[in-house]
Amino acid sequence: MVWEVLLYIYILYSPDWHYRSTMPTFLFLYGAIFAVSHSIFRFGLGFKLHYAALCLLCVPRMYKYYIYTADPAAKRIAKLYLLTLILGSLCGLLDRVFCKYVSSWPVNPQGHALWHVFMGFNSYYANTFLMFCRAQQRGWNPKVIHMLGVLPYVKIEKPKAQ
């Protein structure tokens with residue numbers, strides 16, 4: 001999860017970064033140090049707070065790209081990203097808080113499993129929206145296409161080199 005958000009930070013902030021090699025190097029070292037320390041110390045609440053802080057670093061820039069994106073299909077992907085983030089977080093939180101009560105019900109709503117499903121789609125929508133934004137930055141004429149009419153993905157048409 002942390003590696004994914006570090007990738008988002010790179011995609012979101014690298015166009016304005018003046019020193020090209022320092023950002024990927026810093027993000028890689030940061031991720032590696034965090035991974036090693038997390039495997040040794042097993043941060044519980046600290047991991048969640050760290051992940052939330054990294055996600056919050058992405059929000060202002062993601063909003064900037066949302067505002068400057070004219071394509072309604074790309075904006076829809078950004079909205080799906082936000083929706084799945086909220087729903088996944090609610091499922092995870094409610095499962096954590098009410099687990100003792102819900103587990104005695106005849107039918108368990110499986111909040112933790114729903115958290116995984118929503119956060120999986122959340123990651124997909126974030127990657128898809130950021131791919132669209134990055135392709136736009138590079139002048140590659142991105143278009144949102146739907147596989148089987150349902151799952152959005154980005155088709156990129158790079159300009160031919162002269």
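Fair warning: this is a prediction, and the values are worked out from it, not measured in the lab.
Note on Met131 and Trp3: same hydrophobic cluster, where clusters join Ile, Leu, Val, Met, Phe, Trp and Tyr whose side-chain heavy atoms are under 4.5 Å apart, directly or indirectly. A continuous path of ILVMFWY side-chain contacts below 4.5 Å connects Leu7 to Ile156, so both sit in one hydrophobic cluster. There is no path of hydrophobic side-chain contacts, each under 4.5 Å, that joins Leu130 to Leu56. The hydrophobic cluster containing Tyr10 also contains Met1, counting ILVMFWY residues as joined when their side-chain heavy atoms lie under 4.5 angstrom apart, directly or transitively. Following chains of ILVMFWY side-chain contacts shorter than 4.5 Å, one can reach Tyr30 starting from Phe28, so the two form part of one hydrophobic cluster.
At a cut-off of 3.5 Å, with distance as the only test, no side-chain donor of Ser37 or Arg42 sits close to an acceptor on the other residue. In summary, the side chains of Thr22 and Trp17 do present a donor paired with an acceptor at a separation below 3.5 Å, with no hydrogens or angles considered. Side chain to side chain, Tyr65 and Gln136 fail the donor-acceptor criterion of an N or O pair below 3.5 Å.
With contacts defined as side-chain heavy-atom distances shorter than 4.5 Å, the pair Tyr125/Thr84 qualifies. Side-chain contact between Cys58 and Val5: present, with at least one pair of heavy atoms (C-beta onward) separated by less than 4.5 Å. Looking at heavy atoms from C-beta onward, Tyr81 lies out of side-chain contact with Ser123 at the 4.5 angstrom threshold. Counting only heavy atoms from C-beta outward, the side chains of Pro109 and Val102 approach each other to under 4.5 Å. In this structure, Glu157 and Trp140 have side chains that are not in contact, with every pair of non-hydrogen atoms separated by 4.5 Å or more. Within the 4.5 Å cutoff, the side chain of Met62 has heavy atoms near those of the Phe129 side chain. In this structure, the side chains of Trp115 and Asp95 stay at 4.5 Å or more apart for every pair of heavy atoms. Using a 4.5 Å heavy-atom cutoff, the side chains of Tyr153 and Val144 are not in contact.
Put simply, CZ on Arg76 and OG1 on Thr128 are 13.5 Å apart, with the number rounded to the nearest 0.5 Å. Rounded to the nearest 0.5 angstrom, Phe47 CZ and Phe34 CZ are separated by 5.5 Å. Taken from CD in Glu4 to CG in Leu54, the straight-line distance is 11.5 Å, to the nearest 0.5 Å. Here Leu85 contributes atom CG and Met119 contributes atom CE; the two are 5.0 Å apart, rounded to the nearest 0.5 Å. Rounding to the nearest 0.5 Å gives a distance of 10.0 Å between CD of Gln110 and OG of Ser103. Here Ile33 contributes atom CD1 and His38 contributes atom NE2; the two are 15.5 Å apart, rounded to the nearest 0.5 Å.
Contact detail for Pro24 and Ser21: the closest heavy-atom pair is CD-O, 3.6 Å. Scanning all heavy atoms of the two residues, the minimum distance from Leu6 to Gly31 falls at CD1-CA, 3.5 Å. Closest of all the heavy-atom pairs between Leu114 and Cys91 is CB-SG, 3.8 Å. Annotation for Pro15 and Arg134: closest pair CG-NH1, 3.4 Å, computed over non-hydrogen atoms.
Summarising the local packing, OH of Tyr13 is surrounded by more than 12 heavy atoms from other residues, nucleotides or ligands at distances under 6.0 Å.
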Practice prompt. Take Phe132 and Lys143, measure what side-chain contact (heavy atoms from CB on, under 4.5 Å) needs, and give me the verdict at the end.
Written response: CA-CA 8 Å; Phe132 183 90; Lys143 292 192 180 7; 5.9 Å; no
Practice prompt. Apply side-chain contact (heavy atoms from CB on, under 4.5 Å) to the pair Asp16 and Arg61, showing each step before the final yes or no.
Written response: CA-CA 11 Å; Asp16 297 332; Arg61 194 53 77 97; 2.8 Å; yes
Discussion item. Test side-chain contact (heavy atoms from CB on, under 4.5 Å) on His50 and Val2; report intermediate values, then the result.
Written reply: CA-CA 8 Å; His50 176 249; Val2 170; 3.9 Å; yes
Worksheet item: For Phe121 and Leu80, what are the C-alpha separation, side-chain angles and deciding distance, and is it a side-chain contact (heavy atoms from CB on, under 4.5 Å)?
Response: CA-CA 9 Å; Phe121 277 110; Leu80 286 170; over 6 Å; no
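Residues that satisfy the ring pair (Phe, Tyr, Trp, His ring centres under 6.0 Å) test with His116, not counting sequence neighbours, are His112.
Taking the six-membered ring where tryptophan is involved, the planes of Tyr63 and Tyr66 are essentially parallel, since the angle between them stays under 30° and well short of 60°.
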